[in-house]
Structure formats: C-alpha cells, structure tokens
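Worksheet: one structure, shown below.
Bear in mind the structure is a predicted one, so any value in this text is a computation, not a measurement.
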Amino acid sequence: MVELPHSFIFDIRPIPPFDFELTVRKPAGWSLFTPFEVYEEGTMWTATDLEGVLAGLKLVSEGTVERPGVGVELFLEESPGPDRLLNMKRMLAHDLGADYDLAAFYHFGKKDPILRHAVEDLKGMHSTSQSTIFPDALLSILLQMTNIKRSSQMMDCLLSRYGELAKFDGKQVFGWPRPERVARLEAAQMAAECKFGYRAKRIANLARRFAREGFPSFEELEKLGAEEAKRLLLELPGIGDYSADIINPHGGFPIDTWSADVFGQLFFGERAKEGKKGIDRIKKEGLRRWGKWSWLAFFYVVQDLGNLSRRLDMDLRLV
DNA sequence: GCGTCCAGGTCTACC
DNA sequence: GGTAGACCTGGACGC
C-alpha cells in the first residue's frame with residue numbers, strides 16, 4: 001500500500017462540450033483509469049500514473065456540458081517541484097481529453113447516418129487515456145480469446161495482486177502494476193495465481209520488454225505518424241493488429257469477433273460471417289467510411305449501442 | 001455429472 | 001506472404 005499524503009487542489013477547464021459524467025463513467029462500463037476506482041454522487045476517486053509516479057485523484061464536476069469545469073485534488077507520495085506539478089496538471093488534462101476539441105468530429109458525424117445518432121446521444125463524451133500505454137497493453141492481452149466476464153476476473157486479479165494500492169482521502173484504490181514489478185514475476189506464478197493461461201507468458205514478456213527497453217508514452221506516440229506508432233506497437237510481444245488498434249493514439253478500427261457482429265449489422269445488415277475474412281471486410285468498410293475519425297466513430301458507436309438499437313431498429317446487444 | 005465446444009487474438013511452423 | 005493449428009480456462013450446452 002502506498003500512502004499519498006501530499007495533496008494539491010486545482011481546476012481543469014475542458015474545451016466544451018465536455019460531459020463529466022459520460023467522460024469519467026463511459027456508458028459501456030469502461031473504466032477511466034482503473035476498474036477499482038470509486039464513484040459516489042458525482043465524485044470520482046481513482047489512481048493513475050503521472051510523470052512516472054502513482055497519483056491518487058479526486059475529481060468532481062464544476063460546471064455544465066457547455067461551460068465545463070473539473071475540480072481536481074491530486075494526491076502524491078512526495079511533493080513535486082513547481083515545474084513537475086505544472087506538467088502533471090497538463091498531463092491529467094490531456095488524459096481526461098479536456099484539451100481535445102470535438103467540433104470537427106461532430107461536424108463530420110452529424111452528416112453520417114449512423115454517427116449522427118451517437119454524437120447526439122453522447123454529446124460531450126471525451127475519449128480518455130493514460131500517460132503510459134502499459135495498462136492498455138495489459139488489458140488488450142487479457143481481452144484475447146475469452147469472454148468479457150473472464151477478462152474482468154483476470155484484470156481484477158492482476159491489479160489486486162500485483163498493482164499498487166493507493167491510499168488517499170479516506171479511500172483505497174488499486175492502480176495498474178508497473179512493468180518493473182511484473183517483470184520480476186514468473187509467468188508460471190501468474191498463471192497459477194490469476195488463471196491467465198497462455199496469456200501469462202505474453203504478460204511477462206511484455207513487462208520485461210518495457211522494463212528493459214522502455215517504450216514511448218501515449219503523448220510521444222501521438223507525435224509520431226499513425227503508421228510509425230502502429231509499427232512500434234506491433235513490435236511489442238503479445239500485441240497484434242487488434243491490440244495495436246486499441247492502443248494506438250492515432251486510432252484504428254479495432255474490430256474483434258464481438259464488434260464484428262455489431263458493425264456487420266450496421267454496415268451490411270447482417271452479423272459477421274467467414275471468420276477473419278469477415279472481420280477484414282468490416283474493418284475495411286469502417287476505415288473507408290470514417291477515415292481519420294474511425295477510432296472516435298468506433299468509440300461513440302460502442303458506447304451508444306442501447307440507444308442505437310432503438311433508433312435503428314436493430315439488435316446490437318452483445319451476443 | 002460428464003464431455004465437448006468455444007470465446008472481444010497472437011504466434012509459429014510450414015508451404 | 002499466406003495460412004492452419006496451438007494455446008489456458010471456465011461457462012454454456014447437450015446428453
């Protein structure tokens with residue numbers, strides 16, 4: 001357990017529209033930073049990595065969708081210098097998507113027969129990220145070849161056994177483990193303790209690669225070209241085409257066997273067929289339709305399946 | 001109760 | 001370069 005006694009209070013002024021509730025608690029149940037974060041009556045307590053250290057966060061909405069504000073209390077183990085604190089504030093705003101202007105995407109989306117519903121339903125929902133891509137890479141490995149229930153079980157075990165427990169503001173929140181910690185573990189140990197199966201070796205190899213050589217941060221990947229970022233991601237052990245598209249900040253169209261059913265219906269009026277060929281066909285169509293907006297389009301559609309099912313008279317539920 | 005199948009991919013050997 | 005087969009585990013399903 002890591003006590004975080006030093007706290008710093010400040011505000012973030014997101015680019016509107018910014019819906020706090022939709023952004024920190026995605027409709028599809030995606031976590032903001034960790035599955036162990038706590039949300040009570042408009043306040044979120046969570047933990048993430050900022051500037052290479054564990055940060056506890058208390059986030060509260062201080063505005064409206066059109067005039068947004070986020071009140072932040074940042075908890076740290078040690079007090080940082082002023083420059084470092086300033087950079088942490090900037091990184092957090094970036095991680096919350098508060099510095100991203102959705103206007104151009106909404107302009108595009110309103111003309112699309114599918115997206116126009118999603119951008120109307122979820123106005124102000126921002127895509128969020130973490131400074132290091134290690135958690136997303138771990139998550140993508142735990143999503144491989146299993147159902148969502150078992151993925152959640154494996155993820156909970158990973159964080160509760162090997163993650164960092166942040167103690168702050170009367171709360172305790174597990175954050176994602178650091179590569180150095182996982183790199184010291186044997187794959188067989190993780191497989192036995194968390195039932196990762198063959199994924200244990202992939203997680204161990206991934207952590208050792210991060211611990212040994214490091215890897216560009218999310219922001220550094222953003223500064224690279226989309227193809228270069230994906231090429232680097234594909235060099236990571238356990239990361240293939242699907243996982244790289246999930247992680248890549250330039251966005252791709254991360255179609256798996258489940259989302260292939262959803263987008264198969266939306267694009268072609270039928271669930272996916274022909275296995276991988278069907279997935280390739282749907283992915284191609286998504287990239288053709290939505291181009292540089294493919295990731296945001298994917299994100300908005302996946303978060304809005306309930307509403308889209310009613311609006312388009314389709315059964316887009318998970319099967 | 002038991003056997004079989006398969007799920008929100010990736011890697012490797014083989015052609 | 002493309003492609004089949006292996007890979008952990010546990011829940012669903014049929015019998």
Side-chain angles (χ1 to χ4, degrees), chain A residues 26-31 35 127 133-158 160-162 182 185-210 215 227 230-248 251-267 270-287 294-295 297-306 308-309 314-319:
Chain A
K26 309 289 189 305
W30 297 9
S31 303
S127 176
I133 64 119
F134 188 58
D136 274 352
L138 290 174
L139 171 63
S140 70
I141 289 174
L142 296 180
L143 287 172
Q144 294 167 10
M145 276 299 286
T146 187
N147 55 45
I148 192 65
K149 184 178 177 185
R150 187 156 173 247
S151 284
S152 296
Q153 289 170 345
M154 290 189 284
M155 193 159 46
D156 287 353
C157 185
L158 175 72
S160 60
R161 278 188 179 268
Y162 317 127
V182 182
L185 300 168
E186 291 298 326
Q189 178 191 347
M190 289 190 282
E193 291 176 341
C194 287
K195 310 292 183 193
F196 290 155
Y198 67 89
R199 299 170 199 82
K201 283 183 184 172
R202 294 185 181 175
I203 287 171
N205 289 337
L206 180 79
R208 284 166 193 157
R209 168 69 184 268
F210 267 76
F215 194 78
E227 293 302 315
K230 184 158 182 179
R231 187 188 66 75
L232 287 176
L233 289 166
L234 288 173
E235 285 181 359
L236 292 172
I239 302 301
D241 187 67
Y242 164 73
S243 299
D245 277 349
I246 288 181
I247 303 165
N248 194 346
F253 202 60
I255 293 294
D256 48 43
T257 53
W258 162 69
S259 52
D261 275 337
V262 169
F263 286 94
Q265 287 191 81
L266 288 170
F267 293 162
E270 60 183 14
R271 292 189 184 279
K273 291 188 248 183
E274 310 164 41
K276 188 169 186 313
K277 281 186 184 171
I279 289 178
D280 288 344
R281 177 176 173 233
I282 290 163
K283 184 166 181 166
K284 203 170 175 181
E285 175 62 12
L287 292 169
S294 294
W295 159 251
F298 175 89
F299 173 60
Y300 263 72
V301 167
V302 168
Q303 301 297 333
D304 199 37
L305 292 182
L308 285 173
S309 292
M314 291 180 177
D315 182 5
L316 299 172
R317 290 171 306 176
L318 192 154
V319 292

Between [atom2] on [N] and [atom1] on [X], what's the gap in Å once rounded to a whole number?
X: A:Tyr242; N: B:dA7; atom1: OH; atom2: P; result: 14 Å
X: A:Ile203; N: C:dT9; atom1: CD1; atom2: P; result: 13 Å
X: A:Asp245; N: B:dG8; atom1: CG; atom2: C1'; result: 14 Å
X: A:Met190; N: C:dT9; atom1: CE; atom2: P; result: 14 Å
X: A:Gln144; N: C:dA6; atom1: CD; atom2: C1'; result: 14 Å
X: A:Lys195; N: C:dG11; atom1: NZ; atom2: C1'; result: 15 Å
X: A:Leu143; N: B:dT10; atom1: CG; atom2: C1'; result: 14 Å
X: A:Leu206; N: B:dG9; atom1: CG; atom2: C1'; result: 15 Å

What interatomic distance, in whole Å, is found between [atom1] of [M] and the corresponding atom of [N]?
N: B:dC6; M: C:dG5; atom1: C1'; result: 15 Å
N: B:dT10; M: C:dG11; atom1: P; result: 24 Å
N: B:dC5; M: C:dA6; atom1: C1'; result: 16 Å
N: B:dC11; M: C:dG10; atom1: P; result: 23 Å

Could you check whether any side-chain heavy atom of A:Leu308 comes within less than 4.5 Å of a side-chain heavy atom of A:Met314, counting everything from C-beta outward? no
Which part of the nucleic acid, if any, lies within contact of [X], taking any heavy atom under 4.0 Å across all strands shown: a base, the sugar-phosphate backbone alone, or nothing?
X: A:Ser243; answer: sugar-phosphate
X: A:Pro237; answer: sugar-phosphate
X: A:Ile141; answer: nothing

Of all the heavy-atom pairs spanning A:Leu158 and A:Cys194, show the shortest one and how long it is. N-SG, 3.9 Å
Please tell me which of the listed nucleotides, [options], lies nearest to the side chain of [X]?
X: A:Met145; options: C:dC7, B:dT10, C:dG11; result: C:dC7
X: A:Asn147; options: B:dT10, B:dA7, C:dT9; result: B:dA7
X: A:Trp258; options: C:dG11, B:dG9, B:dG8; result: B:dG8
X: A:Arg150; options: C:dC7, B:dG8, C:dG10; result: C:dG10
X: A:Asp256; options: C:dT9, B:dG8, C:dC7; result: B:dG8
X: A:Arg199; options: B:dA7, C:dC8, B:dC11; result: C:dC8

Carboxylate-amine/guanidinium proximity below 4.0 Å for A:Arg231 and A:Glu235: yes
Watson-Crick or G-U wobble mate for B:dC15, both contacts under 3.5 Å: C:dG1
So which nucleotide does C:dC8 pair with, by the Watson-Crick or G-U wobble rule with both distances under 3.5 Å? none
Please figure out whether A:Phe196 or A:Gln153 has its closest DNA chain C nucleotide nearer the 5' end. A:Phe196
Please report the interatomic distance CZ(A:Phe196) to CD(A:Gln153), rounded to the nearest 0.5 Å. 11.5 Å
Nearest 0.5 Å, what's the OG1-CD1 distance between A:Thr146 and A:Ile141? 14.0 Å
Quick one: is B:dG9 close enough that its OP1 or OP2 comes under 4.0 Å of any side-chain N or O from A:Thr257? yes
Do A:Phe263 and A:Phe298 have ring centres separated by under 6.0 Å? yes
